[in-house]
Novice: 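The structure follows.
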Amino acid sequence: MSQEAAPFLFAPDPARAEADALYLELDGWEGPLDLLLDLARRQKVDLLQISILALVDQYLAYIDQAGAMKLELAADYLVMAAWLAYLKSAMLLPKAAQEDPSPEELALRLQLRLQRLGAMREAAARLMGRDRIGRDVFVRGAPEGLRTDRKISWRSDIFALIQAYGQVKARAAPRIYHVANRPVMTLDSALERVSAMLGVTLEWMEIRDFLPPHATPELKRSALASSFVAALELTKRGRAELEQDGAFAPLRIRRLKDAAPA
Amino acid sequence: MSEGPPEEPDMLERAVEATLFASEEPLAVDAISAHLGGLAPADVRDALACLEMRYRARGVHLVERGGRWHFETAPDLAHLMRREKEQVRRLSRAATEVLAIIAYHEPVSRAEIESIRGVQTSAGTLDVLMEAGWVRLAGRREVPGRPVIYATTPQFLDHFGLASRRDLPGIDELRAAGLLDPVDEAMEAALEGVVRFDPDEADDEGHRDG
Amino acid sequence: MSEGPPEEPDMLERAVEATLFASEEPLAVDAISAHLGGLAPADVRDALACLEMRYRARGVHLVERGGRWHFETAPDLAHLMRREKEQVRRLSRAATEVLAIIAYHEPVSRAEIESIRGVQTSAGTLDVLMEAGWVRLAGRREVPGRPVIYATTPQFLDHFGLASRRDLPGIDELRAAGLLDPVDEAMEAALEGVVRFDPDEADDEGHRDG
């Protein structure tokens with residue numbers, strides 16, 4: 001390992017495979033499997049044929065060396081180192097003493113993982129080596145661009161226009177209020193009717209009986225109101241008296257005896 | 001293609017083609033030749049001439065403007081590059097009123113429009129009318145504050161089927177058509193119509209007066 | 001050119017050509033047909049096929065990437081084009097590995113990526129890939145914890161010149177060799193058959209002492 005100012009931050013170097021230095025690439029994050037894969041590659045064998053023990057030895061030697069150089073090691077490295085040390089000891093023990101999973105299985109698993117990582121690293125390299133846009137092939141430098149302008153087409157018509165103007169003018173014009181000719185019974189005509197009907201008898205009569213029999217509901221309401229006011233008026237004049245048993249009970253009226261018929 | 005370039009473009013022509021295609025700006029012959037490692041300008045010119053001819057019938061043309069070359073879509077296809085999607089929308093009530101006021105009173109300022117309408121007019125309303133192409137700025141009124149004044153456009157007359165603004169019905173005609181009746185009165189008329197259907201009505205008339 | 005398209009491109013072909021030339025991004029058949037006012041997709045496809053053939057010998061090629069079409073400079077001219085500034089961002093090795101893992105395994109969770117790489121993946125790595133527009137969030141895996149899963153984008157296919165994910169270099173071989181299967185599955189497969197690695201083990205035993 002070379003003695004650079006930042007001993008564990010070596011720039012990636014194409015010639016690194018030749019160098020016997022192991023290194024951590026913190027920027028590109030080379031981790032334990034990565035390192036193992038590198039070690040496996042150096043054995044120049046099929047990943048399924050590699051000697052796990054040799055791999056373990058190399059890895060542990062690397063960790064030792066790093067320790068000797070007082071390099072800070074990522075936790076991953078130390079976990080992997082501990083696991084590998086365990087694996088190594090298990091493989092050195094007699095088979096009978098093995099627990100499940102066997103060290104062979106652990107080694108196989110490790111090999112399979114390395115194989116998969118190796119495959120992906122190779123795939124990544126091939127991917128990066130393709131003709132890439134912006135490096136090997138180029139798209140049009142100054143495309144005119146396609147534009148779909150959403151244009152609103154406003155619609156209206158002459159009637160809407162003059163109607164709108166009419167409304168504006170009507171709103172602005174001095175307002176003249178016309179009261180519509182509603183079917184009503186005026187107070188005068190109610191007074192007339194009630195007086196006339198009171199003249200007929202001295203008995204109590206319900207005020208509802210004074211209403212015109214065939215009136216529409218609107219006219220009936222108006223007649224009731226007018227007749228009530230007429231009844232109050234006649235009572236005030238001392239010509240009739242009113243009687244009611246309770247709120248909203250039938251309202252009765254009769255002519256006062258002394259009073260002359262209207 | 002018979003008179004012009006050979007069937008298969010050569011490497012040089014292809015290189016010039018790719019260079020111009022990828023360039024972010026039109027390139028002069030010198031610039032192309034520099035890009036291609038100091039190719040002889042005469043060769044570049046030959047390649048450009050071949051390419052220009054090759055692309056003549058295409059949807060894309062190679063053109064020279066002020067000594068610099070670039071690809072552009074064929075002029076007859078320009079309409080395809082900028083597509084307009086029309087969306088028909090009916091003018092809002094407020095906008096129709098403002099338009100009507102401008103049409104009847106033009107040229108008219110915004111303050112005048114508001115005083116006629118009796119309500120404030122949002123700036124967006126006038127924008128819509130100008131976007132529709134029916135209203136235009138018609139200068140400024142020479143009064144204090146010099147307000148902008150608005151008038152209608154020929155497109156306005158077109159759209160509304162008017163030969164001229166004089167075709168707009170006058171106040172008397174509007175009145176005759178019932179268009180000047182206040183809204184309340186129109187309502188009243190409508191309601192009365194509903195009441196009238198009552199057969200007792202005639203009978204009641206008698207009672208009312210009786 | 002004899003087997004392929006007619007000498008003179010027709011209007012439809014020219015329109016498709018111009019549209020793709022002018023577009024700022026690759027276009028799917030549907031988008032082209034919509035842009036050209038609802039042209040039948042079959043006609044667009046015919047035009048694309050003609051154009052693709054027409055441009056094969058040229059300095060610019062018409063290519064399909066993930067169902068979207070665009071023009072790009074011919075790959076064999078790369079050495080000439082590289083003269084211009086390189087526009088590609090340099091990816092860290094970690095990022096290239098993560099990208100490859102996502103592309104070959106998609107959709108894939110971060111935990112799965114990490115189990116292949118054997119190390120934690122810093123958040124920045126995935127960010128870089130997403131910022132480049134090559135990787136996207138592809139929902140969640142319906143397993144406990146519902147981890148987010150990642151997949152590649154159409155821009156990824158564009159950038160690396162892949163017609164589809166099936167074009168990923170060596171993907172068929174990797175799949176056939178079971179190298180895209182999780183380690184657990186591979187373990188089962190290996191343990192089921194003759195334990196292939198036993199004979200080597202004997203060999204390793206030798207090394208161990210050596």
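In what follows, chains carry the letters A, B, and so on, assigned in the order in which the sequence lines appear, proteins first and then strands, with residues in each chain numbered from 1.
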Novice: Counting only N and O atoms by type, is there a donor-acceptor contact under 3.5 Å from the side chain of T235(A) to the main-chain atoms of E241(A)?
Specialist: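 No, the answer is negative, given that no donor and acceptor are paired below the 3.5 Å cut-off.
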
Novice: Answer yes or no: is there an ion pair linking R126(A) with E122(A), defined by an N-O contact shorter than 4.0 Å?
Specialist: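 A salt bridge is absent here (no side-chain N lies under 4.0 Å from a carboxylate O).
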
Novice: Classify the angle between the aromatic ring planes of H159(B) and W134(B) as parallel (below 30°), tilted (30 to 60°) or perpendicular (above 60°).
Specialist: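 H159(B) vs W134(B) ring planes: tilted.
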
Novice: Could you pull out every donor-acceptor pair under 3.5 Å between side chains of residues 243-250 of chain A and any protein atom, sequence neighbours left out?
Specialist:
| residue | atom | partner | partner atom | Å |
| --- | --- | --- | --- | --- |
| E243(A) | OE2 | R252(A) | NE | 3.0 |
| E243(A) | OE2 | R252(A) | NH2 | 2.7 |
| Q244(A) | NE2 | G246(A) | O | 3.4 |
| Q244(A) | NE2 | A249(A) | O | 2.7 |
| D245(A) | OD1 | R252(A) | NH2 | 3.4 |

Novice: For L129(B), is it the side chain, the backbone, both, or neither that has a heavy atom closer than 4.5 Å to a heavy atom of chain A?
Specialist: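 L129(B) has no heavy atom closer than 4.5 Å to chain A.
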
Novice: Go through A142(A), A164(A), S156(A) and name the one with the most non-hydrogen pairs under 4.5 angstrom from chain B.
Specialist: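 Ranked by contacts with chain B, first place is S156(A).
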
Novice: Below 4.0 angstrom, N of the basic side chain to O of the carboxylate: do R165(B) and E106(B) qualify?
Specialist: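 Here R165(B) pairs with E106(B) in a salt bridge, since their nearest N and O are under 4.0 Å apart.
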
Novice: Check salt bridge (Lys or Arg N to Asp or Glu O under 4.0 Å) between E173(B) and all other residues, then give those that pass, not counting sequence neighbours.
Specialist: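 Scan of E173(B) (salt bridge (Lys or Arg N to Asp or Glu O under 4.0 Å), adjacent residues dropped) gives none.
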
Novice: Which residues in residues 63-76 of chain B have any heavy atom closer than 4.5 Å to a heavy atom of chain A?
Specialist: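 Residues F71(B), E72(B), T73(B) are the ones that qualify, each having a heavy atom under 4.5 Å from chain A.
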
Novice: Which atoms of V128(B) come close to chain A, meaning under 4.5 Å heavy atom to heavy atom: side chain ones, backbone ones, both, or neither?
Specialist: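 Contact with chain A: backbone and side chain both.
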
Novice: Is it the backbone or the side chain of L99(B) that comes under 4.5 Å from a heavy atom of chain A, or both, or neither?
Specialist: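 Contact with chain A is through both the backbone and side chain of L99(B).
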
Novice: Only pairs of heavy atoms separated by less than 4.5 Å count here; which of E131(B), R90(B), R117(B), E25(B) has the most with chain A?
Specialist: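 Result: the option with the highest number of such pairs is R90(B).
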
Novice: Under 3.5 Å, is there a donor-acceptor pair between the side chain of S195(A) and the main chain of L191(A)?
Specialist: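 Answer holds: yes.
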
Novice: According to side chain to side chain donor-acceptor pair (under 3.5 Å), who are the partners of E144(A), at least two apart in sequence or on a separate chain?
Specialist: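 Here the qualifying residues are R140(A).
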
